[in-house]
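Position 1 is the first residue of the sequence; numbering continues from there. A quick note: this is a predicted structure, and the numbers were derived from the prediction, not measured.
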Amino acid sequence: MSFVSHMDEALAEARAAAARGEVPVGAVLVAPGGEVIARAGNRTRELRDPSAHAEMLVIRAACAAAGSERLPGHVLYVTLEPCAMCAAMIAAARIARVVYAAPDPKSGGVDHGARVFTHPQAHHAPEVLGGIGEEEAAALLRDFFAARRD
């Protein structure tokens, strides 16, 4: 089985989020057959919803389209390590693999911080691949926050 990355599409969503004034995080969800079935960037400010992270939005859209709360065999590509809230939703949706670009030592919930998937209470632990597209994703975040400080 070969690995085909969809991180470029997630990065495009992150750039679009930045253009809207949102923290530049993007995500795409890929079905077992390889087709992208949902894509989104952060919309917390636009929707005035603290849960409107890119990951949450794509999972909600994919579950609605599938008519199910479970997405077995699906792969989530996201430009930043998911937070604990998003990691819990990923586990609940039974997503098979999470591929993220930049680590988040401050607020991450997968390889940093809460490490949701390692808890005995986690109902599901997906395969996790980090660092795919890390440089571009980290640069988007650095530039976004640097512009806010100026």
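Note that CG of Asp111 is 9.5 Å distant from OG1 of Thr118, once rounded to the nearest 0.5 Å. Distance CD/Glu136 to CG/Leu11: 4.5 Å, rounded to 0.5 Å. Taking CZ from Arg97 and CD1 from Ile90, the interatomic distance works out to 14.0 Å, rounded to the nearest 0.5 Å. Within the model, atoms CZ of Arg15 and CG of Asp143 stand 12.0 Å from one another, a figure rounded to the nearest 0.5 Å. Atoms CD and OG1, from Glu9 and Thr79 in turn, are 13.0 Å apart once rounded to the nearest 0.5 Å.
Residues Tyr100 and Val128 have side chains in contact (heavy-atom distance under 4.5 Å, counting atoms from C-beta outward). Residues Asp49 and Arg43 are not in side-chain contact: their nearest non-hydrogen atoms beyond the backbone lie 4.5 Å or more apart. With contacts defined as side-chain heavy-atom distances shorter than 4.5 Å, the pair Ile37/His74 qualifies.
Other residues, nucleotides and ligands contribute more than 12 heavy atoms inside 6.0 Å of the CD atom of Glu35.
Nearest heavy-atom pair across Tyr77 and Ala10 is O-CB, 3.9 Å. Across every non-hydrogen atom of Met7 and Ser5, the tightest pair is N-OG, 3.1 Å.
For Asp104, there are no side chain to side chain donor-acceptor pair (under 3.5 Å) partners two or more places apart in sequence or in a different chain. When the side chain to side chain contact (heavy atoms under 4.5 Å, CB included) test is applied to Ala114, the partners found at least two apart in sequence or on another chain are Ala84, Val116. For Glu134, there are no salt bridge (Lys or Arg N to Asp or Glu O under 4.0 Å) partners, not counting sequence neighbours.
Here side chain to side chain donor-acceptor pair (under 3.5 Å) pairs that include residues 80-89, with residues two or more places apart or in two chains, are Glu81-His112.
Under the 6.0 Å distance and 45° angle rule, Arg148 counts as a cation-pi partner of Phe144.
Side-chain atoms of Arg94 come within 3.5 Å of backbone N or O of Ala92 as a donor-acceptor pair. A donor-acceptor pair is defined here as one N or O able to donate and one able to accept, closer than 3.5 Å; such a pair exists between the side chain of His124 and the backbone of Ile95.
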Using distance only, find each side-chain donor-acceptor pair of residues 22-32 under 3.5 Å and give its atom names and separation, not counting sequence neighbours.
residue : atom : partner : partner atom : Å
Glu22   : OE1  : Thr44   : N            : 3.2
Glu22   : OE1  : Thr44   : OG1          : 3.4
Glu22   : OE1  : Arg45   : N            : 3.1
Glu22   : OE2  : Arg45   : N            : 3.2
Glu22   : OE2  : Glu46   : N            : 2.8

Show me, pair by pair, the donor-acceptor contacts under 3.5 angstrom made by side chains of residues 54-71, not counting sequence neighbours?
residue : atom : partner : partner atom : Å
Arg60   : NH2  : Ser51   : OG           : 2.9
Ser68   : OG   : Arg70   : N            : 3.1
Ser68   : OG   : Arg70   : O            : 3.3

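Linking ILVMFWY residues whenever their side-chain heavy atoms come closer than 4.5 Å, directly or via other members, places Phe145 and Val78 in the same cluster.
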Check the pair Glu127 / Leu129 against side-chain contact (heavy atoms from CB on, under 4.5 Å), numbers first and verdict last. CA-CA 7 Å; Glu127 177 184 6; Leu129 300 171; 4.1 Å; yes
